[in-house]
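Lettering follows sequence order; numbering is per chain, from 1.
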Protein chains: 2
Amino acid sequence: MIRIFIVDDHQVVIDGISSILSEVEEIKIIGSALNGLEALRKLETESPDVLLLDINMPEMDGIQLVRALKEKGRTLNTLVLTMHNNPQFTKELIAEGVQGCVLKNAGKKDLILAITEVNNGGSFYSEAVTDSLKESLDKTQEAIDEVQLTKREVEIVKLIALENTTNEIAEKLSISAYTVDTHRKNIINKLGVKNLAGLVRFAFEKNLL
Amino acid sequence: MIRIFIVDDHQVVIDGISSILSEVEEIKIIGSALNGLEALRKLETESPDVLLLDINMPEMDGIQLVRALKEKGRTLNTLVLTMHNNPQFTKELIAEGVQGCVLKNAGKKDLILAITEVNNGGSFYSEAVTDSLKESLDKTQEAIDEVQLTKREVEIVKLIALENTTNEIAEKLSISAYTVDTHRKNIINKLGVKNLAGLVRFAFEKNLL
DNA sequence: AATAAAATACCGAGAATTAGGTATTTTCAT
DNA sequence: ATGAAAATACCTAATTCTCGGTATTTTATT
């Protein structure tokens, strides 16, 4: 018997998955949460075999939840449900030690397969996910590194996207406007975008916000 | 017996809803599609009582599909499934004559209620949806109209978000840079944002791109 | 301890955006 | 056909961003 806990901010998705999985004898859903905080609280008492996790959630997203659990010394077999197939994201998931990742547009067969696989201590990544990861890795490491922003750079990207000017950012971070300027310049170069608009666009496409 | 056709770009959602609804005797799912185009094609031969439609789809979104069906003279009882609760969107749905709207984080009770209601020629909007619509309508009409961008303005928002400068936009649209400047100014005022970054952000939040 | 990467800071010139207007022509719906 | 909304165009000044650099200090890793 595999005991599952679902975290997804959409009740329909929770109900739907519950419904799909209720057809499977070996799987039982022991609980669910509509957001990261609720999940954290409930998981203090519940102990599922597999955590089924939506990655796109408001407030506390999936990756943050995994990190929070890790900090608490709580390691669970985790299977991530994701909407979009973003290699950058996949890499983060693997880095965080998440065992599996299934696209939401996968079928129920894949879902059930992934759950049993993850429960057995294995890992499962949808073919589409690994494909796009491979493709991404096929590009020279150099090219990938180019798109890797540093912590500070990510911080600045966010502040820019939130309508702060260079001077405002400088004040908020207690650094010189010149420095912010340099960061912005480096970011634009790294991303290969043309201007601030492209930078903001990037912030949204990689859902940094 | 209510015959339903589901359109959603996530297979898991389709499976999930199918599974939920399979528990209900009077409801039967006769088909599904993963995107607008597929739906258009299949609906030429299928004739469901209720069309269950995801609103956030790539390529052809829900509203576009409703419009396309309308143009073909194909009017169906339509129930929209939406992710986010955006009053602007709700108004568009009502304007297009969509009979109902259920949030994805609604429970299955609401879903089933909505389907039967819509099938009976009635309409069903989740409480949360009507609430936010009411709240939105409570603001003065003036304030609401302020956030309504004109066709030209939307065009310019897109071009800005795609990294075009004022001069480039002027050239592409064969108008004066001064005019583009004026449009940008008006847009920033209407949206209540501070600068170009806020404008690009808006473009993504309202998924204009 | 040495090295690389990241973060910091500075300068100047040119390009683009922002804010403050005003004003005419088109388009569209009543 | 008339009025309102939309689209067009212009002007100036101030601010902000962009691009070309260079260079020092911190932080992290081997």
Given [N], is OP1 or OP2 found less than 4.0 Å from the side-chain N or O atoms of [X]?
X: A:Ser176; N: C:dC10; result: yes
X: A:Tyr178; N: C:dT8; result: no
X: A:Thr179; N: C:dA9; result: yes
X: A:Asn167; N: D:dT15; result: no
X: A:His183; N: C:dA7; result: no

For a side-chain hydrogen bond (donor to acceptor under 3.5 Å, both in side chains) with A:Lys42, tell me which candidate from A:Glu44, A:Glu38, A:Glu46 qualifies.
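Exactly one pass, corresponding to A:Glu38.
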Check the distance between [N]'s [atom2] and [X]'s [atom1] and give it to me in whole angstrom.
X: B:Glu163; N: C:dT17; atom1: CD; atom2: C1'; result: 16 Å
X: B:Glu171; N: C:dA16; atom1: CD; atom2: C1'; result: 16 Å
X: B:Ile169; N: D:dA7; atom1: CD1; atom2: C1'; result: 15 Å

Can any side-chain N or O of B:Asn186 pair as donor or acceptor with the backbone N or O of B:Asn189 at less than 3.5 Å?
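It does not hold such a pair.
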Check for a donor-acceptor pair, side chain of A:Asp8 on one end and backbone N or O of A:Ile14 on the other, with a separation under 3.5 Å.
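Side chain of A:Asp8 to backbone of A:Ile14, a donor-acceptor pair under 3.5 Å: no, none is there.
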Review item, nucleotides 25-30 of chain C N/O atoms under 3.5 Å of protein N/O:
none

Partners meeting side chain to side chain donor-acceptor pair (under 3.5 Å) with B:Glu153 (sequence neighbours left out)
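With sequence neighbours excluded, B:Glu153 shows a side chain to side chain donor-acceptor pair (under 3.5 Å) to B:Thr150, B:Lys190, given in chain and number order.
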Starting at the 5' end of DNA chain C, which residue's closest nucleotide do you reach first, A:Ile156 or B:Glu168?
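On the 5' side of the pair lies A:Ile156.
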Give the B/S/- string for nucleotides 18-30 of chain D, one per nucleotide from 5' to 3', where a protein heavy atom under 4.0 Å of the base yields B, of only the sugar-phosphate yields S, and otherwise -.
BBBB---------
Do B:Leu199 and B:Arg184 have side chains that approach each other closer than 4.5 Å (heavy atoms only, starting at C-beta)?
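Yes, at least one pair of side-chain atoms sits under 4.5 Å.
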